[in-house]
Each structure stands twice: as C-alpha cells, then as structure tokens.
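Every chain is numbered from 1 and lettered A, B, ... according to where its sequence line falls, protein lines coming before strand lines.
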Amino acid sequence: MFVDFRKLGQNSRLDTDICIIGAGAAGITIACELARTHRRVVLVESGDFEFDAATQALYQGEVVGEPYPALDTPRLRLFGGTTNHWAGHCRPLDPIDFQVRPWISHSGWPIDRPTLEPFYARAQKVCDLGPPNYVADEWPQLAEFLIPFQPTRLVNRMWQYSPPTRFGEKFREDLERSRSVSVLLNANAVEVVLAPSGAQVTGVRLKSLDGKEGVIRARQFVLACGGIENARLLLDSNGVERDGVGNRRGLVGRYFLEHPHAIVAYAIPETPIARYEAYYASVEVDGIPIQVKPGVSEIAQRELKILNGCIDLGYGFDRSPGYLGIYHIIRNVRRGRMPSDVDEAIWRVLMDLDGAGAGLYRELKGRKALWFGANFEQAPNPDSRVLLSAERDALGAHRVKLDWRLSHIDKRSVRVACKIVGEELGRLGLARMRLDDWFLANDTTWNDLEGHFHHMGTTRMSDDPSMGVVDRNCKVHGVPNLYIAGSSVFPTCGYANATLTIVALALRLADHLGDRS
Amino acid sequence: MDRRTVLGSLAALFATASFPFAETFRHAGGYGAATRIGRIYLSKVPNEADADLLRELIGVVPFARESGDWKAHFDHLKREDFSKADTIIVDGWLLARCEARFCALLTFA
Ligand SMILES: Cc1cc2nc3c(=O)[nH]c(=O)nc-3n(C[C@H](O)[C@H](O)[C@H](O)COP(=O)(O)OP(=O)(O)OC[C@H]3O[C@@H](n4cnc5c(N)ncnc54)[C@H](O)[C@@H]3O)c2cc1C
C-alpha cells in the first residue's frame with residue numbers, strides 16, 4: 001500500500017514493527033522480502049513516483065578534496081532511488097575482497113564470500129541476471145572472445161548486465177498489493193531519535209517539503225538512504241549524542257570509498273582486435289549481455305602488494321601528449337571557438353611532434369587506438385570522508401560535505417596492473433601500450449579523475465566497535481535496534497560495481513530481521 | 001659481417017615492414033622516435049652504451065653470422081621479455097628489454 005505523507009494529519013504518529021528509511025535498491029529489496037513474513041513494515045521514501053526538482057535539491061552538498069560531480073546529479077531522490085538511472089553492470093565481490101590483506105590497512109570484512117554466496121544467488125534474480133557464475137572460463141560460449149592471458153598474472157573477470165532493473169517499477173505492484181508493507185511517499189527522515197540513554201532508537205522524525213511533520217516508531221529501524229545519505233542522517237541526528245548516532249568512536253562518515261576511474265594509457269593494436277569485443281563492448285550469451293576485463297590475479301596482488309582491480313579497455317583516439325594537443329584544438333574549433341589554453345596545446349604538439357604526427361595519421365586513416373582505464377578498488381582511508389556542511393537544506397537539515405581522498409597505493413596499484421596488461425598484450429603480439437605521462441608519476445595526483453558513482457564505506461562493517469560502525473549483521477554498534485543497509489557498510493569495496501552486493505546484503509539483513517522480529 | 005654493416009643493415013631493415021619491430025616503432029613515430037627511445041634508454045641504463053655489448057645482448061652477432069630468420073628471433077626474444085616482465089617504460093612506451101636495446105643500437109648506426 002502506498003500512502004502520501006503530505007495527506008496525513010500534522011504531527012502524525014505512526015507505529016510499526018520495522019521501519020525502513022529509503023526506497024532504493026536496498027530498501028525495496030528488504031521491504032519485499034519482509035512482505036512475505038507478514039511483519040508490519042513501513043518503507044519511508046523522500047520522493048514520489050516521479051522526479052521532483054525540489055526533492056532532488058535536498059541532495060545538494062559541498063565537494064572538497066578530489067573533484068566530484070555535484071552531489072545532486074548522480075543520486076536520485078524518488079521511489080526506486082538511484083536505480084532509476086543506474087546502468088546495470090553487475091558482478092559480486094571476489095573472495096580476496098573480504099580477506100584481511102596485510103599490505104592494505106583496514107582491510108578485511110567480518111564475513112567471507114561463502115557467507116554471502118546464497119544471497120548473491122538470490123540477488124541475481126532480484127536484478128534480473130543470468131546464472132550466478134562469474135568465472136569467464138566456465139562459459140564455453142565466451143571462449144572465442146577471451147584473450148589467453150597467463151593466469152598467474154591476469155584473470156578474465158566477467159560482468160553480467162541487468163536490463164537494468166528499475167527497482168521502483170519492478171516492485172511497485174508487489175508493494176501496492178502488500179497488506180503488511182506500507183510505503184510512505186514524500187516523507188523525509190530528518191532525525192533518528194535516540195532514547196536519553198542513547199542505547200536505542202525510539203523513533204524517526206519525518207518532514208515533508210510542504211511543512212508536514214510526524215514521527216514513526218518501530219521496534220527496529222533500517223537506514224537505506226544510500227552511501228552518503230546514511231552517514232549524513234546519523235551525523236545530523238545529534239539531539240542526544242553530540243556527534244550523532246552510532247558515532248561514539250568518530251567513525252561515521254569516514255573511510256568514504258569510490259572506484260577511482262581515469263584513462264591511463266592507450267595502445268596501438270598490432271593485429272585486428274575486433275574479435276575481442278567482449279572487452280571493449282559486450283557480447284550476448286544466452287540473452288545475457290556480458291563484458292570481460294583483464295583483472296590482476298590474486299597471486300600477482302599478493303606478490304606485488306597491490307589492490308584488487310581490473311583494467312577497462314575501450315576504443316578511441318590516441319593519447320600521446322602531442323596528439324591530445326591537436327585533438328583539444330580541433331574539438332574546440334569544431335564547436336566554433338578557440339580554446340583558452342591554445343598556447344599550452346600548441347606547446348604540447350611542438351614538444352611531441354612524433355606523437356602528434358602518428359596520431360593524426362591514424363585518425364585520418366580511421367584506425368582507432370585502444371585506451372585503458374582504471375577499474376579498481378580504493379584503499380580504505382579514514383581521511384576520505386563525508387561530513388556535515390554548515391549549510392542547511394529546505395528542511396533545515398545540514399547538507400553534506402564530501403571530502404574524497406586517494407592514497408599512494410591507489411595510483412600505484414593501477415599503474416602496476418596496467419603495466420601487466422601491456423606486457424601481456426605485448427607478449428601475445430596484440431597491441432603496444434603507451435602510458436600517460438601523469439600516470440607514470442609516483443604520486444597521488446590523477447588527471448581527469450572520475451568516480452563510478454558508487455558511494456561506499458561511510459558506516460563500515462567490523463566486529464570491533466573501534467574499527468566499524470556496524471557489526472557483521474549490519475547492526476549499529478551500541479544501538480541494538482538500528483541497522484544499516486547499502487554500500488555504506490562495505491569496509492573494502494573491491495572493484496565490482498556495488499549494487500549486486502548491496503542487494504545480497506539486503507537479502508541477508510531481511511532474513512535476519514525476519515527471524516528476529 | 002663487420003660492425004658498420006650490421007648496424008647499417010639494422011637501420012635499413014627497420015625501414016621495411018618485414019622487420020619485426022618496424023610496426024611497433026612506426027606507431028611510436030617512426031625511425032626518429034626509435035632513436036630517441038634508444039637515447040633515453042641509454043641515459044637510463046648507461047652501462048649498456050656500447051654497440052658491441054648491445055649486439056650481443058640482443059643476439060645480433062651470432063644471428064647475423066647465421067643469417068637466419070630475424071623475425072622469428074626477435075619475436076621469440078620479445079615474447080620472453082614480456083612473459084618475464086623484463087620490460088622498461090621509455091617515453092611512455094612499454095617496451096620489451098630487447099626492443100629498447102634494439103633502439104639503443106640504432107643510435108650507433
Ligand atoms: C549514473 C549511475 C550509474 C550507475 N550504474 C551502476 C551499475 O552499472 N552497476 C551498479 O552496481 N551500480 C551502479 N550505480 C550505483 C547504483 O545506482 C547504486 O549502487 C544503488 O542505487 C544504491 O542503492 P541504495 O538503495 O543504497 O541507494 P539509492 O538507490 O540511492 O536509494 C536511496 C533512497 O533513499 C531515499 N532517501 C534518501 N534520503 C532520505 C531521507 N532522508 N528520507 C527518506 N528517504 C530518503 C532516496 O530518495 C532514495 O530513494 C550507478 C549509479 C549512477 C548514479
């Protein structure tokens with residue numbers, strides 16, 4: 001059943017067994033699972049079925065640290081959440097992602113991959129994917145597309161593409177028909193209210209943009225507002241505890257993780273590479289679109305003490321400094337203007353006439369180069385964090401401030417991996433790699449850095465309350481009736497896109513809550 | 001075959017598509033780029049700045065004597081270097097050690 005919070009009376013009080021805040025991938029998955037247990041559930045959602053600019057503006061925030069797109073552009077604040085425009089690339093985390101790796105500070109989950117296995121299998125169905133098998137070599141139909149890398153160095157990692165499942169559309173009817181689940185639309189959680197002792201949540205304060213207020217009480221609460229917003233809500237709920245809920249150790253908002261992405265190298269194919277389209281495009285196997293990427297083997301990760309990750313392959317133009325200078329000028333001239341930094345671009349051409357000439361020649365001949373990008377995990381870093389900004393939104397809540405930071409090992413790991421890919425392509429006589437100049441510098445700076453819009457780590461999981469905000473069951477340490485769903489609980493993030501793991505963890509949490517309530 | 005003839009024939013071979021590395025260095029910007037890479041390599045590995053040593057290291061001497069299959073010889077060397085990760089980044093290009101040495105040898109031609 002759907003209820004519009006704005007139509008309820010002022011200062012309404014609602015009671016339920018389980019209250020879930022946020023109707024995105026995580027919140028909807030939990031609500032649908034709990035619907036089968038006949039527990040009374042209220043799913044609280046800030047938005048409605050359609051996009052609304054004023055609601056979306058509640059997501060605005062400040063960006064400091066590494067550059068990042070405006071915070072109200074990647075995330076979506078309406079029923080179905082960000083899955084209303086996600087791309088659907090799915091892959092589980094690797095077993096090594098869960099392990100303590102001595103060369104990566106703060107690594108290790110309190111649960112392992114086998115624990116999540118049955119939930120990953122169920123998550124495949126939720127996300128409309130194929131069989132839960134991500135071992136490329138075990139898909140005979142893929143064999144002709146795979147590059148025979150030395151398995152001690154590189155492993156072909158595969159992704160399945162979800163249609164992509166729009167969680168709001170897919171589950172709307174189930175939730176509409178459910179007798180036990182009510183979805184409260186246009187209701188913004190603005191404060192998680194603690195008992196004076198701080199030992200449990202008594203309710204969540206709600207507000208709508210047109211001035212309605214209310215409180216929801218429940219036996220158990222689940223925050224499922226996304227990787228940034230979960231931290232924001234905890235930090236801003238400081239009526240009883242000065243630093244916010246679940247934040248006695250000052251960990252809420254810290255360890256923010258993204259999947260850093262940048263183009264780092266290009267290569268000239270030495271043989272036609274069209275047959276390897278599974279890498280730079282996707283191929284369909286039994287109706288499932290599949291993509292493959294070269295990933296660093298576990299052996300190499302341990303030996304070289306690097307993070308886990310893959311190298312993205314794409315098709316495009318050369319990236320030699322000289323050719324990039326020409327490309328920059330041409331692109332601007334085509335748009336009818338001269339670039340403001342034309343001097344610098346010409347200088348780059350002059351300093352690399354060979355590269356400029358070779359790139360131009362290939363461009364004129366229509367011969368594309370391969371390019372390589374980072375698809376890596378980021379190392380946990382306590383200084384990379386989500387904080388509260390001094391500014392407030394239309395509901396009076398503090399906006400967020402994102403301070404994304406990267407460390408030495410992040411760039412080094414991608415560089416080492418890229419070199420291995422270059423060596424393997426060279427060994428096989430497939431392509432010649434040139435690494436971008438900035439990328440070779442042994443520092444922490446990135447050119448044209450982007451994230452993958454995966455916001456993780458801000459309420460990390462650990463059995464030790466001094467190392468994490470939630471325990472292995474996603475329960476907030478010290479607050480026994482408060483749980484967190486979503487990628488904010490990831491203590492390390494692997495290189496896989498986050499949503500399949502978010503859904504697997506949500507299914508696991510739903511089972512846990514279903515057993516308990 | 002004397003030293004000058006070996007170097008001269010290497011440079012000439014470089015210009016033909018049949019030479020195994022020719023394609024690689026055409027991508028990188030041709031002969032000029034190859035010799036530039038050679039110079040940079042020698043500045044990074046100065047103890048190899050000796051044409052005779054370089055010829056020996058990449059097997060040019062016995063090879064020229066037997067006038068065997070250049071392409072197979074260099075392809076083999078290159079594959080070995082790449083498999084063993086015996087590579088070097090010069091001017092951004094990821095090169096098998098034998099390729100960098102070959103470029104270095106060209107600077108003596
Ligand atoms: C452009 C783009 C492409 C992506 N592609 C992929 C991909 O290919 N593969 C992949 O795995 N992931 C992808 N993602 C990430 C994916 O969308 C997220 O991992 C996923 O949606 C997170 O689910 P969630 O439920 O945790 O959060 P969300 O889906 O963001 O849902 C959070 C919900 O909480 C609600 N909410 C927030 N605050 C409050 C509040 N205070 N009160 C009430 N409700 C609130 C929001 O309105 C929203 O509905 C992509 C993201 C973007 C932006």
Go through the steps to decide whether B:Phe82 and A:Glu424 satisfy the test side chain to side chain contact (heavy atoms under 4.5 Å, CB included), and finish with yes or no.
CA-CA 7 Å; B:Phe82 277 128; A:Glu424 282 294 282; over 6 Å; no

Counting only heavy atoms not in A:Trp347, do more than 12 fall under 6.0 Å of its CH2?
no

Would a 4.5 Å heavy-atom cut-off, applied to side chains only, mark B:Glu99 and A:Arg432 as touching?
yes

Spacing of A:Arg434 atom CZ and B:Leu95 atom CG [to the nearest 0.5 Å]
10.5 Å

Under 4.5 Å heavy-atom distance to chain B, tell me which part of A:Leu435 shows up: side chain, backbone, both or neither.
both

Does B:His76, at its NE2 atom, have more than 12 non-hydrogen atoms belonging to other residues, nucleotides or ligands within less than 6.0 Å?
no

B:Ser83 and A:Arg153 have their tightest heavy-atom pair at O-NH1, 4.3 Å

Does A:Asp448, at its CG atom, have more than 12 non-hydrogen atoms belonging to other residues, nucleotides or ligands within less than 6.0 Å?
no

Can you tell which part of B:Asp91 gets under 4.5 Å to a heavy atom of chain A, answering side chain, backbone, both or neither?
both

Cationic N near anionic O, under 4.0 Å, A:Glu423 to B:Arg79
no

Chain A contact via B:Leu94 - which portion, at a heavy-atom distance below 4.5 Å:
both

